[in-house]
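Reviewing the structure listed below.
Fair warning: this is a prediction, and the values are worked out from it, not measured in the lab. Here is how names work: the chains are called A, B, and so on, in the same order as the sequence lines, proteins then strands, and each is numbered from 1.
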Amino acid sequence: MKYDFTAIEKKWQEYWLAHKTYAAFNNDNRPKYYALIEFPYPSGQGLHVGHPRPYTALDIVARKRRMQGYNVLFPIGYDAFGLPTENYAIANHMHPREVTKTNISRFTAQLQMLGFSFDWDRCVVTSEPDYYKWTQWIFMQFFKRGLAYKTSMPVNWCTSCKCVLANEEVVGGVCERCGSDVVRREKSQWMLKITEFAQRLLDDLDEVDYIERVKTQQRNWIGRSVGAEVVFKADAGDDIKVFTTRPDTLFGATYMVLAPEHELIEKWAARLTNIDEVRAYQNDAAKKSDFERTELAKDKSGVRLEGVSAINPVTGESIPIFISDYVLASYGTGAIMAVPGHDQRDWEFAEKFGLPIIEVVKGGDVTKEAYVAKDEDAIMVNSGFLDGMSVKAAIPLMIKWLSERDIGRETVNFKLRDWVFSRQRYWGEPIPLVYCEKCGWVPVLEEQLPVKLPEVSSYETTDDGESPLAHMDEWVNTTCPHCGGPAKRETDTMPQWAGSSWYYLRYLDPHNDTALASQDAISYWHQVDWYNGGMEHTTLHLLYSRFWHKFLYDLGVVPTSEPYMKRTSHGMILGEGGEKMSKSRGNVVNPNDIVAEFGADTLRLYIMFIGDFEKSVPWSSTAVKGCKRFLDRIWNLAENKLPGDETYSAKNEREIHKAIKKVGDDIENMKFNTAIATLMSLVNTFYENAPTRGDIKMLLTLLSPFAPHIAEELWEKQGFKGLACEQVWPKFDPAKTLDAEKEIAVQVGGKLKATVIIPLDAPDEMVLELAKANEKIARLIEGMDIVKVIVVKNKLINLIVKPK
RNA sequence: GCCGGUGUGAUGGAAUUGGUAGACGUAGUGGAUUCAAAAUCCACCGCUCGCAAGAGCGUGCCGGUUCGAGUCCGGCCACCGGCACCA
């Protein structure tokens with residue numbers, strides 16, 4: 001009979017769902033294992049071949065863990081709020097909820113078609129009120145503890161769509177949708193104080209098992225730098241605080257620069273003789289997009305503040321103050337001391353404006369460029385009491401000098417910014433706060449959660465950039481929970497990243513309506529043992545969810561300060577030409593087509609076999625059939641019930657033991673491609689030495705995490721007991737993985753000349769004799785002295801010879 | 001510019017971490033089977049010279065360490081990803 005994958009896969013998928021084969025149990029005696037993949041955003045395009053790569057990988061891990069006796073939680077859900085759905089809904093005059101519902105059912109069918117061992121009873125959807133109730137609850141706790149605040153800040157404003165865009169919607173400085181210019185515009189936004197957790201987010205990376213590139217990327221993003229805060233007196237009577245990582249170079253500070261937005265400028269306005277010029281520069285800077293300010297405007301520009309100056313605290317000299325957009329308002333204090341001799345940006349600015357450049361650290365030529373290297377042993381010059389000292393010694397001494405006079409101290413700065421948490425959009429979680437003229441911002445009462453999204457007929461953003469909810473008077477007008485007076489609801493919604501920041505906790509107890517999850521469930525399942533996801537989420541979702549988790553830990557909701565013990569990441573699947581798959585290139589592979597032609601098991605095998613799991617790899621439509629052939633060959637071996645008992649055949653025993661070891665190890669190390677190659681080799685062996693019932697039983701056991709449907713079907717055909725996926729993961733006998741004889745390399749002078757067969761673990765003298773006995777080797781060493789013999793056990797022998 | 005990664009046959013990729021480079025798959029070539037094709041099975045399949053036995057070369061480039069280097073060290077080159085005026 002032919003291998004009818006369509007019928008077989010349908011049969012087993014229905015069986016697994018009906019029997020809840022992959023259910024996870026709260027409070028179970030077995031050890032727990034929590035394997036997690038990033039839940040999908042249910043887009044209108046449906047699943048694409050990129051999705052199943054990480055899903056299959058952790059499905060294999062989850063299936064292996066079950067076979068190893070664990071109570072495995074391998075859940076799935078949908079990250080369903082978000083812009084694409086809303087835009088699609090607007091364009092097609094549908095309700096986003098309807099769009100979401102349709103997309104989710106398509107995704108569900110596709111995921112089930114691939115045979116993943118998810119516990120479907122724990123499926124969560126972030127846009128459902130019983131889910132976002134708890135997203136709102138967490139936000140409310142942030143607010144109550146002063147970690148959510150509203151502030152006016154520049155946002156991305158599309159000049160054509162007349163609406164606020166998220167950073168992700170700004171591509172190359174223009175609007176992702178219409179291609180128009182995006183400018184900065186002040187808007188009042190809710191913010192979350194992730195910066196308060198910066199040090200902990202950094203420190204705790206040392207305690208988790210994340211792949212190194214994820215850790216490095218997060219560390220760079222958090223961007224901790226140690227330096228000093230130094231106060232410069234202005235003659236206008238105010239202090240200007242600056243941050244520097246090079247307090248040793250203070251003697252070289254010949255001018256100062258403030259960010260155009262710096263608050264002192266307004267304060268000094270009356271004293272500035274060129275205030276018009278200053279204002280013009282400020283306006284210019286404000287109008288520029290981030291893109292123009294950074295990517296395009298590398299050329300230094302600025303305006304001197306005429307009428308004020310500052311005093312360099314160590315030299316006592318008066319130095320000019322400028323404003324320039326090369327100083328960022330959002331980092332440090334928004335002001336710098338400029339040391340043109342030792343900072344390239346300051347150097348360029350000084351050159352342009354004809355400012356003095358003083359060398360204070362020896363080592364470069366400051367007339368040509370700034371000498372930037374922080375060489376700890378370099379010697380200080382032109383630096384008063386630091387002269388002749390090394391940089392290493394100068395830094396602490398300067399900090400001491402400054403702090404004794406109370407004009408500076410050691411301090412730490414982070415690149416990490418607070419998280420802009422508002423979106424002027426409909427399809428997101430409503431922010432559960434109301435504004436009361438008397439009481440200010442007040443959270444709704446907890447028992448009033450969830451604050452549900454109102455039904456509206458139009459989801460369009462408004463001309464003034466307000467949320468569509470802003471014009472729903474009935475919904476907006478409410479009473480203050482505090483004083484009972486009239487109040488208005490917050491009309492902004494939460495960003496896409498809110499729901500996904502804690503979803504891994506909801507899986508533990510998805511139907512709980514009194515808590516985000518019960519304490520029992522949390523303490524049983526915490527933490528996630530293995531989390532795999534995309535590198536693109538490293539500094540977004542992954543960082544955000546670590547932040548929320550730490551906050552929940554402080555609240556006492558979770559017992560650990562980190563959510564995920566282990567984090568790995570998969571490479572992308574590219575189009576056949578090696579480019580990114582995209583609709584516009586027309587090179588997107590739809591898993592449905594592959595499943596229809598070859599079956600889900602083949603697709604699963606192929607995407608795991610295609611290459612190194614961690615690297616990007618191009619799709620190949622011809623190579624898929626290699627995996628189909630492999631399954632066909634297995635089918636041919638096992639479709640008819642084999643005779644005999646369930647022991648291994650003598651001829652295949654050794655290869656089976658080797659395969660058990662290799663496949664098991666490879667799964668742990670995410671070397672899925674070589675695990676499958678091992679199984680292919682084993683099948684090739686079986687074509688040489690006909691397998692017994694026992695041989696096949698082990699093959700199917702090892703195959704079942706990778707290709708669960710065919711494994712189950714053949715298991716049944718062979719009449720083995722139970723399900724293949726419920727077998728105990730096999731053990732191997734190390735002694736039986738070793739060959740009795742080894743073919744080893746024989747080198748002469750380090751060059752491979754021949755191979756000889758030796759008994760396993762043969763003593764060195766015997767290896768030498770066998771090597772010498774080889775005809776070719778004998779010829780080569782004739783008339784030579786053997787100066788040295790190197791033997792690597794069971795691997796090689798190297799003879800160093802020289803003429804007699 | 002800074003940080004991270006990668007360079008191996010026609011091709012996707014292996015190589016137990018310093019020990020026989022090219023496992024496994026795809027493509028290709030030859031053969032078996034077939035009226036024929038598909039499918040399947042068997043064999044070959046890094047390059048150069050050679051009828052052959054064999055010899056030489058070969059993991060981006062140049063150098064080094066070592067009995068021995070795809071793997072370690074130094075210096076380049078190319079490509080990919082992230083960040084980017086972060087003081």
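Remark: the backbone N or O of G750(A) is paired with a side-chain donor or acceptor of N798(A) at under 3.5 angstrom. At least one donor-acceptor pair under 3.5 Å links the side chain of H342(A) to the backbone N or O of V360(A).
If you check distances only, the side chain of Q344(A) never reaches the base of rG1(B) with a donor-acceptor pair under 3.5 Å. For K415(A) and rC83(B), a side-chain-to-base donor-acceptor distance below 3.5 Å is absent, hydrogens and geometry of angles not being considered.
Side-chain N/O atoms of K615(A) include none lying less than 4.0 angstrom from OP1 or OP2 on rC79(B). The shortest distance between the side-chain N/O atoms of T678(A) and the OP1/OP2 oxygens of rC24(B) is not below 4.0 Å. One finds a side-chain N or O of R633(A) lying less than 4.0 angstrom from the OP1 or OP2 phosphate oxygen of rC41(B). Residue K776(A) places at least one side-chain N or O under 4.0 Å from the OP1 or OP2 atom of rA55(B). Phosphate contact (OP1/OP2 of rU40(B), side-chain N/O of R629(A), threshold under 4.0 Å): present. N684(A) has a side-chain polar atom (N or O) that falls below the 4.0 Å cut-off from OP1 or OP2 of rG25(B).
Minimum atom distance to the side chain of F243(A) is reached by rA87(B), of the listed rA87(B), rG13(B), rC24(B).
For the P atoms, the distance linking rC24(B) with rA14(B) amounts to 14 Å, nearest Å. Taking atom C1' on both rC80(B) and rA21(B), the two are 25 Å apart, rounded to the nearest angstrom. For the C1' atom pair drawn from rU11(B) and rC83(B), the interatomic distance equals 34 Å after rounding to whole Å. Between rU29(B) and rG18(B), the distance separating the two P atoms is 41 Å to the nearest Å. Rounded to whole Å, the separation between the P atoms of rG9(B) and rG4(B) comes to 27 Å. Annotation: rC79(B) and rG63(B) have their P atoms spaced 23 Å apart (nearest Å). Remark: the separation of the P atoms in rC73(B) and rG5(B) is 12 Å, to the nearest Å. Comparing the same atom, P, in rG46(B) and in rA23(B) gives a spacing of 9 Å after rounding to whole Å.
With a 3.5 Å ceiling on both atom-pair distances, the Watson-Crick or G-U wobble partner of rA78(B) is rU6(B). Pair assignment for rG1(B): rC83(B), on the basis of Watson-Crick or G-U wobble contacts that are both within less than 3.5 Å. Pairing for rG63(B) goes to rC73(B), judged as Watson-Crick or G-U wobble with the two contacts each under 3.5 Å. The base-pairing partner of rG58(B), taking Watson-Crick or G-U wobble contacts with both distances under 3.5 Å, does not exist among the strands shown. Under the Watson-Crick and G-U wobble criteria, each requiring two contacts below 3.5 Å, nucleotide rU11(B) is paired to rG25(B).
When rounded to the nearest whole Å, the span between CD of Q218(A) and C1' of rC83(B) equals 14 Å. Protein atom CG of L752(A) is 14 Å distant from nucleotide atom C1' of rG58(B), rounded to whole Å. If you measure from atom CZ of F609(A) to atom P of rG12(B), you get 14 Å, rounded to the nearest angstrom. The distance between atom CG of N798(A) and atom P of rC67(B), rounded to the nearest whole Å, is 10 Å. In this structure, W347(A) atom CH2 and rG1(B) atom P are separated by 17 Å, rounded to whole Å. The distance from atom CD1 of I757(A) to atom C1' of rU20(B) is 13 Å, rounded to the nearest whole Å. At whole-Å resolution of the value, NZ in K662(A) and C1' in rU16(B) are 7 Å apart. Per the geometry, OH belonging to Y687(A) stands 12 Å off P belonging to rG25(B), to the nearest Å.
Aromatic ring orientation, W497(A) versus H537(A): perpendicular (interplanar angle above 60°, classes split at 30° and 60°). Between F353(A) and F349(A), the two ring planes are parallel [angle under 30°; tilted spans 30° to 60°].
The residue A623(A) sits close only to the backbone: its heavy atoms come under 4.0 Å of sugar-phosphate atoms, none of a base. Contact annotation for I790(A): base contact, defined as any heavy-atom pair under 4.0 Å involving a base atom. Residue V792(A) is in base contact, counting any heavy-atom pair closer than 4.0 Å across all strands shown. I800(A) comes within 4.0 angstrom of the backbone, heavy atoms only, and of no base. Within 4.0 Å of T755(A), counting heavy atoms only, lies at least one base atom of the nucleic acid. Using a 4.0 Å heavy-atom criterion, one finds that D612(A) contacts the sugar-phosphate atoms exclusively. Residue contacts for Q747(A): at a heavy-atom cut-off of 4.0 Å it reaches a base atom on one of the strands shown. No contact: T538(A) has no heavy atom under 4.0 Å from any strand.
Contact check on R779(A) versus E782(A) returns no salt bridge, with no Lys/Arg side-chain nitrogen under 4.0 Å from an Asp/Glu carboxylate oxygen.
With hydrogens and angles left out, the side-chain atoms of E229(A) and T333(A) include no donor and acceptor closer than 3.5 Å.
The nearest heavy atom of RNA chain B to I676(A) and to I336(A) marks one nucleotide each, and the one closer to the 5' end goes with I676(A). Each of M337(A) and L780(A) has a nearest nucleotide on RNA chain B; the 5'-most of these lies closest to L780(A).
In this structure, K300(A) is positioned above the aromatic face of Y326(A), its NZ or CZ under 6.0 Å from the six-membered ring centre and within 45° of the axis.
Separation of the Y371(A) and W347(A) ring centroids does not fall under the 6.0 Å cut-off.
With a glycosidic angle further than 90° from 0, rG68(B) counts as anti. Classified by its glycosidic torsion, rU71(B) falls in the anti category, the angle being over 90° from 0.
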Evaluation steps, salt bridge (charged side-chain N to carboxylate O under 4.0 Å, His left out), between D739(A) and K658(A): CA-CA 10 Å; D739(A) 295 311; K658(A) 282 188 195 172; 3.2 Å; yes
